[in-house]
Amino acid sequence: MWRGAQALSTLCAGAAAALGYVRGYGVDLLLSLLAAALTCRLAEPEVTDAQRARSRPALRDLPERLENCGREALGFLAAHPRTVGLMLFNALVGACATLLRFFLQDALVRAGAPSALLGPLLLLIELGGVAGARLALPLSRLSYRRAGALCAVGVAVGCLMPLTGAVHLMAAGGLLAVACDDALETLTGSRLNENLPSDQRATLISVSSMAFSLVMIALAPMAGGLAA
């Protein structure tokens with residue numbers, strides 16, 4: 001559902017341009033506040049007996065609890081380097097697919113795609129995420145190493161296809177890369193959820209997301225230099 005909504009949002013580019021910078025960001029701010037309000041209604045599930053017996057923490061204890069949470073998470077990562085490698089591998093593949101999507105937003109127009117078709121083409125590329133989520137099901141029957149290798153090769157092929165300069169192959173390459181990236185992300189998330197301790201799962205999943213941001217910081221300038 002999230003990927004489908006994200007894909008449909010590409011069709012709102014024209015409406016955002018018509019609203020203008022200030023109104024467009026104002027609408028975005030209102031929607032973000034609505035999403036935050038809905039998120040605040042979520043509650044953490046109590047899975048273990050220790051979690052059920054845990055008392056509600058006082059606000060004054062928050063700094064100490066945050067420190068303990070960070071220390072335990074770092075200790076787990078230090079003791080499980082394979083988990084760190086899993087996060088970095090997923091982040092690297094995801095960063096390549098994300099940078100390709102950014103590149104195609106301009107490259108498709110420069111390759112001759114009509115402006116009227118840009119939105120539908122970008123929608124098609126983003127819908128690759130929905131296909132990737134479905135692709136994760138048959139790939140889950142393979143070992144993670146084999147499935148991960150197939151997804152990484154798919155993203156690499158997708159990144160190479162825009163070099164042809166043909167609009168249809170560029171769009172197909174974006175679709176392939178996004179589909180393989182989302183399949184890998186689904187498989188990695190499932191594997192991490194199986195291996196991470198319940199009390200630290202939310203923190204460590206956030207570390208995985210942060211790893212993607214750090215890889216993007218490193219790769220984005222390099223990709224910009226290559227594109228130039």
Side-chain angles (χ1 to χ4, degrees), residues 1-21 24-25 27-28 31 89-140 142 146-189 209 212-213 215-228:
M1 291 177 63
W2 178 75
R3 277 302 188 189
Q6 186 180 38
L8 290 173
S9 69
T10 60
L11 296 179
C12 297
L19 286 173
Y21 180 85
Y25 272 93
V27 171
D28 184 53
L31 292 175
F89 172 67
N90 181 60
L92 179 61
V93 174
C96 292
T98 300
L99 289 171
L100 176 63
R101 299 208 312 262
F102 292 164
F103 169 76
L104 288 176
Q105 291 178 14
D106 178 62
L108 286 169
V109 176
R110 288 190 283 109
S115 299
L117 287 181
L118 182 59
L121 285 174
L122 293 176
L123 172 64
L124 176 65
I125 292 171
E126 291 295 337
L127 285 176
V130 180
R134 298 290 299 175
L135 180 63
L137 294 176
L139 287 178
S140 63
L142 304 175
R146 290 185 179 181
L150 287 174
C151 291
V153 169
V155 172
V157 171
C159 289
L160 292 174
M161 289 174 68
L163 297 178
T164 61
V167 171
H168 64 288
L169 290 179
M170 294 171 73
L175 175 66
L176 175 63
V178 171
C180 292
D181 172 41
D182 268 63
L184 178 62
E185 187 174 354
T186 302
L187 294 171
T188 303
S209 177
F212 169 77
S213 300
V215 172
M216 281 290 290
I217 291 173
L219 289 186
M222 298 171 55
L226 291 174

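Residue pairs meeting the salt bridge (charged side-chain N to carboxylate O under 4.0 Å, His left out) criterion with at least one member in residues 112-122: none, sequence neighbours excluded. Counting only residues at least two apart or in different chains, side chain to side chain donor-acceptor pair (under 3.5 Å) contacts with residues 117-137 comprise R101-E126. The list of side chain to side chain donor-acceptor pair (under 3.5 Å) pairs with a residue in residues 168-177, not counting sequence neighbours, is empty.
Listed by chain and residue number, R3 satisfy the side-chain hydrogen bond (donor to acceptor under 3.5 Å, both in side chains) test with D182 (two or more places apart in sequence, or in another chain). Residues passing the side-chain contact (heavy atoms from CB on, under 4.5 Å) test with Y25 are Y21, sequence neighbours excluded. With sequence neighbours excluded, no residue satisfies side-chain contact (heavy atoms from CB on, under 4.5 Å) with S209. Residues forming a side-chain contact (heavy atoms from CB on, under 4.5 Å) with L150 (at least two apart in sequence, or on another chain): L139, L142. Residues passing the salt bridge (Lys or Arg N to Asp or Glu O under 4.0 Å) test with D28, sequence neighbours excluded: none. Among residues two or more places apart in sequence or in another chain, the side-chain contact (heavy atoms from CB on, under 4.5 Å) test is passed with V109 by L118.
For the residue pair G148 and F89, the shortest heavy atom distance occurs at O-CZ, 3.6 Å. The two residues L187 and A147 come nearest to each other via the heavy atoms CD1-CB, 3.7 Å. Between L117 and P120 the shortest heavy-atom distance is O-CD, 3.3 Å. Nearest heavy atoms, Q105 versus L122: CG-CD2, 4.0 Å. Closest approach of G165 and A111 over heavy atoms only: O-CB, 3.7 Å. Closest approach of A133 and T186 over heavy atoms only: CA-OG1, 4.3 Å.
Rounding to the nearest 0.5 Å places CG of L104 at 11.0 Å from CG of L99. How far OG1 of T164 is from CG of L169: 4.0 Å, rounded to the nearest 0.5 Å. One distance of note links CZ of F102 with CE of M216; it measures 4.5 Å at 0.5 Å rounding.
Side-chain contact between L160 and L100: absent, with no pair of heavy atoms (C-beta onward) separated by less than 4.5 Å. A heavy-atom distance below 4.5 Å is found between the side chains of L121 and V167. Looking at F212 and L92, their side chains never come closer than 4.5 Å, going by heavy atoms from C-beta outward.
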Show me the side-chain donor-acceptor pairs of residues 218-226 shorter than 3.5 Å, one per line, residues at least two apart or across chains.
none

Pairs under 3.5 angstrom only: tabulate donor-acceptor contacts from the side chains of residues 170-180 to other protein residues two or more places apart or in another chain.
none

